**Student:** 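Please see the structure below; I have some questions.
In what follows, every chain begins at residue 1, and chains take the letters A, B, ... in the order their sequences are listed. It should be emphasised that the depicted structure is a prediction, and the values quoted were computed from it without experimental measurement.
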Amino acid sequence: MGAQARRPPPRIALIDGNSFYCACERVLRPSLEGRPVIVLSNNDGCAIARTAEAKAMGIPMGAPWFKIQHLQARGLVAISANFALYGDMSDRMMRVIGQFSPAQEIYSIDESFLDLTGLPGAGRDIGTQIRQRVLRWVGIPTCVGIGATKTLAKLANHLAKSLPRLQGVCDLSGLGPAELQRAIRHVPIRDVWGVGRRLAPRLEALGIQSAADLARTDGRVLQRQFSATLDKTARELRGEPAIGWEDAPVPKQQIMSTRSFGLPVRDLAELEQAVSLFTSRAAEKLRQQHSHAAAVQVFIRTSRFSAGPWHADSAVVPLGSPTDSTSVLLRAALSGLRSVFQPGFDYAKAGVCLLDVRPAVSVSMQGELFALDSGHAEKSALRSARAMAVVDRLNQRFGSRMVQVASALHEPDARWLMRQAHQSPSYTTVWGDVVEVG
DNA sequence: TCTGGGGTCCTAGGACCC
DNA sequence: TCTGGGGTCCTAGGACCC
């Protein structure tokens, strides 16, 4: 009876898209198949996704566009990022993956964890089915890694990507301790999830070169010399779950909207336009997750890369009571901006961050409103909430800049807007753009 | 000319309290 | 005279992730 009562061994899968943004572009422009393609960040600053063909040209992740532009002569295709398209493709991909298990955690735009514990079938078979279905139904190639913990699933996914003979699926679940050690002994420490560019050299200096080395390292040493987080990573590498599972998306605790400018900005009026737009965007995200913010932070800075006079500053403006109203947030953001703005600098970037984000409470619960003439305040808050809902619906329907509060309006050729020289049509999100046939 | 944007968690240290 | 030992809360900054 012991065998029947025992719980099945944990089995976590990590599924992610290969060169996801590039793959999205290829779904709708099949002529890009087989060609070196990169997707450029906002402002066409640097490469944020590369196909295998582009990697083979030696383009590293994050390569500045101005340094690799010349590769166009050798057939490189560069596309300005279209995040609306990628978000839409992501939703489709996640829905298909979610069909394989009731427990799914969407970790990023192109990655999701799936709990396969107790489901019938071998890991390899399930993984292969997931890959095939996502490719057929959505058009995105994926890899699947499976392990007893999230960290091992990530590591297995890394192996599935780098070892062609695995054909896109790697299952490390169900291995004994010795087999597991052997399976991960060639994975460099810098490729372990949770070890970044700062920790890797420090660990290597201690002789911890591989994932297997970290798994073997004494937890007390890791806690003392590094952190509790790294100790968790090591435990996960041994197959002991130390990182929790999030079935529902966790509401964000801060919401940012920030951009580098297309050209330097000296003018307060122009900065006000930009900050107004950032604030409306952030407020929209705030309302999408049904939250209120109690403070607004604004920051402006000159370029990190220019030799000119440097200035960076930020201000936090607390709000009387938490709100999701664009106009209230705007007033706070603009007053913050005016308090940090100094004339005579070439500003390269600005941003807005909503702080103290918390679940929205119903209007009548808010203390401050009782303190005032509650009837009047309540009515005006309700009116404001209804207006915001209408604005959000119109923007979702017709494009994000369709409706804005007055001070967020700007000329379509405003200097601070992003450069996006390589945009492809917004196939799935903008009316009038059509899918390439071919 | 030219180098993204958006998040999380943990820790150290100061202020304050008993 | 030299200089308690905790605890909590807050903030800034470091490190990581995609």
**Student:** Which part of the nucleic acid, if any, lies within contact of A/Ile109, taking any heavy atom under 4.0 Å across all strands shown: a base, the sugar-phosphate backbone alone, or nothing?
**Tutor:** nothing
**Student:** Measuring from the side chain of A/Ile48 (C-beta onward, heavy atoms only), which nucleotide among B/dT11, B/dG4, B/dT3 has the closest atom?
**Tutor:**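 My answer, after comparing the listed nucleotides, is B/dG4.
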**Student:** Please state how far atom CZ in A/Arg197 lies from atom C1' in C/dG14, giving the value in whole angstrom units.
**Tutor:**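 Checked: the CZ to C1' distance equals 10 Å.
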**Student:** Between the side chains of A/Ser80 and A/Asp44, does any donor sit under 3.5 Å from an acceptor?
**Tutor:** yes
**Student:** Would you mind telling me which of C/dA15, B/dG6, C/dC18 lies closest to the side-chain atoms of A/Lys285?
**Tutor:**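 Among C/dA15, B/dG6, C/dC18, the one nearest the side chain of A/Lys285 is B/dG6.
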**Student:** Within this structure, what is the CZ-to-C1' distance between A/Phe299 and B/dG4, rounded to whole angstrom?
**Tutor:** 12 Å
**Student:** Is any side-chain nitrogen or oxygen of A/Lys154 closer than 4.0 Å to OP1 or OP2 of C/dC17?
**Tutor:** no
**Student:** Please work out if A/Phe83 contacts a base, only the sugar-phosphate, or nothing of the nucleic acid, heavy-atom cut-off 4.0 Å.
**Tutor:**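 Contact class for A/Phe83: none.
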**Student:** Is there a side-chain contact between A/Arg259 and the phosphate of B/dG6, meaning an N or O under 4.0 Å from OP1 or OP2?
**Tutor:** yes
**Student:** May I ask you to say what A/Ile255 touches in the nucleic acid, namely base, sugar-phosphate or nothing, with a heavy-atom cut-off under 4.0 Å?
**Tutor:**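 Here A/Ile255 touches the backbone only, sparing every base.
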**Student:** Taking any strand in view, what nucleotide pairs with B/dC18 in a Watson-Crick or G-U wobble way, both distances under 3.5 Å?
**Tutor:**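 For B/dC18, the partner nucleotide comes out as C/dG5, under the 3.5 Å rule.
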**Student:** A/Pro64 side chain: which of B/dC9, B/dT3, B/dG4 is closest?
**Tutor:**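 Closest nucleotide to the A/Pro64 side chain: B/dT3.
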**Student:** The side chain of A/Leu199 is closest to which nucleotide in this list: B/dG5, B/dT3, C/dC16?
**Tutor:** C/dC16
**Student:** Base, sugar-phosphate, or nothing: which does A/Lys67 touch, judged by heavy atoms less than 4.0 Å apart?
**Tutor:**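 No contact at all - A/Lys67 keeps every heavy atom at 4.0 Å or more from the nucleic acid.
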**Student:** What nucleotide among C/dC18, C/dC16, B/dC9 has an atom nearest to a side-chain atom of A/Gln253?
**Tutor:** B/dC9
**Student:** Please state how far atom CG in A/Asp191 lies from atom P in C/dC18, giving the value in whole angstrom units.
**Tutor:**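 Checked: the CG to P distance equals 11 Å.
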**Student:** Less than 5.5 Å between centroids and less than 30° between ring planes, does A/Phe305 satisfy that with B/dT3?
**Tutor:** yes
**Student:** Side chain of A/Asn42 only, heavy atoms from C-beta on: which candidate in B/dT8, B/dC2, B/dG4 is closest?
**Tutor:** B/dG4
**Student:** Quick one: label A/Val250 by what it contacts on the DNA or RNA (base, sugar-phosphate, nothing), any heavy atom closer than 4.0 Å.
**Tutor:** nothing
**Student:** Which one, C/dA15, B/dG5, B/dT11, comes nearest to the side chain of A/Arg198?
**Tutor:** C/dA15
**Student:** What residue among A/Glu284, A/Arg287, A/Arg281 forms side chain to side chain donor-acceptor pair (under 3.5 Å) with A/Thr326?
**Tutor:**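 Filter result, single survivor: A/Arg287.
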**Student:** Checking contacts here: which listed nucleotide (B/dG6, C/dC17, B/dG5) is nearest the side-chain heavy atoms of A/Ser257?
**Tutor:**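 Shortest atom-to-atom distance from the side chain points to B/dG6.
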**Student:** Would you kindly give the CD-to-C1' distance between A/Glu236 and B/dC9, to the nearest whole Å?
**Tutor:**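 Rounding to the nearest Å, CD of A/Glu236 and C1' of B/dC9 are 15 Å apart.
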**Student:** Can you check the A/Lys252 NZ to B/dG6 P distance for me, whole Å?
**Tutor:**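 From A/Lys252 NZ to B/dG6 P: 12 Å.
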**Student:** Could you state the CG-C1' distance from A/Leu155 to C/dC17, rounded to the nearest angstrom?
**Tutor:**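 My rounded result for the distance is 16 Å.
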**Student:** List the steps and the verdict of side chain to side chain donor-acceptor pair (under 3.5 Å) for A/Arg133 and A/Gln99.
**Tutor:** CA-CA 10 Å; A/Arg133 196 180 295 179; A/Gln99 296 170 349; 2.8 Å; yes
**Student:** For the ring pair A/Tyr107 and A/Trp193, is the centre-to-centre distance below 6.0 Å?
**Tutor:**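 Yes, close enough.
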**Student:** Roughly how far, to the nearest 0.5 Å, is the NE2 atom of A/His292 from the CZ atom of A/Arg358?
**Tutor:**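 Here the interatomic distance stands at 10.0 Å.
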**Student:** I want to check one thing: is the phosphate of C/dC17, taken as OP1 and OP2, less than 4.0 Å away from some side-chain N or O of A/Arg190?
**Tutor:** no
**Student:** Tell me which nucleotide among B/dG6, C/dC18, C/dA15 gets nearest to the side chain of A/Met256.
**Tutor:** B/dG6
**Student:** So, is A/Ser227 near the phosphate of C/dA15, with a side-chain N or O under 4.0 Å from OP1 or OP2?
**Tutor:**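 Answer no for this pair, as no side-chain N or O of A/Ser227 is under 4.0 Å from OP1 or OP2.
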**Student:** What's the closest nucleotide to the side chain of A/Lys232 if the choices are B/dC10, B/dT3, C/dC18?
**Tutor:** B/dC10
**Student:** Are A/Lys349 and A/Phe261 in a cation-pi contact, defined as NZ or CZ under 6.0 Å from the six-membered ring centre and within 45° of the axis?
**Tutor:**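 The answer is no; the distance or angle limit is not met.
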**Student:** I'd like to know if A/Asp346 pairs up with A/Arg266 as an ion pair, taking the criterion as any Lys NZ or Arg NE/NH1/NH2 lying under 4.0 Å from an Asp or Glu carboxylate oxygen.
**Tutor:**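 Yes, A/Asp346 and A/Arg266 are salt-bridged.
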**Student:** To the nearest Å, how far apart are A/Arg202 CZ and C/dG14 P?
**Tutor:**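 The distance from CZ of A/Arg202 to P of C/dG14 comes to 13 Å, rounded to the nearest Å.
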**Student:** Classify the nucleic acid contact of A/Val39 as base, sugar-phosphate or nothing, counting any heavy atom under 4.0 Å across all strands shown.
**Tutor:** nothing
**Student:** CD1 of A/Ile106 versus P of B/dG7: gap in Å, rounded?
**Tutor:** 16 Å
**Student:** Taking the nucleotide of DNA chain B with the nearest heavy atom to each, does A/Phe66 or A/Lys349 sit closer to the 5' end?
**Tutor:**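 Mapping each residue to its closest nucleotide by heavy atoms, the 5'-most match is A/Phe66.
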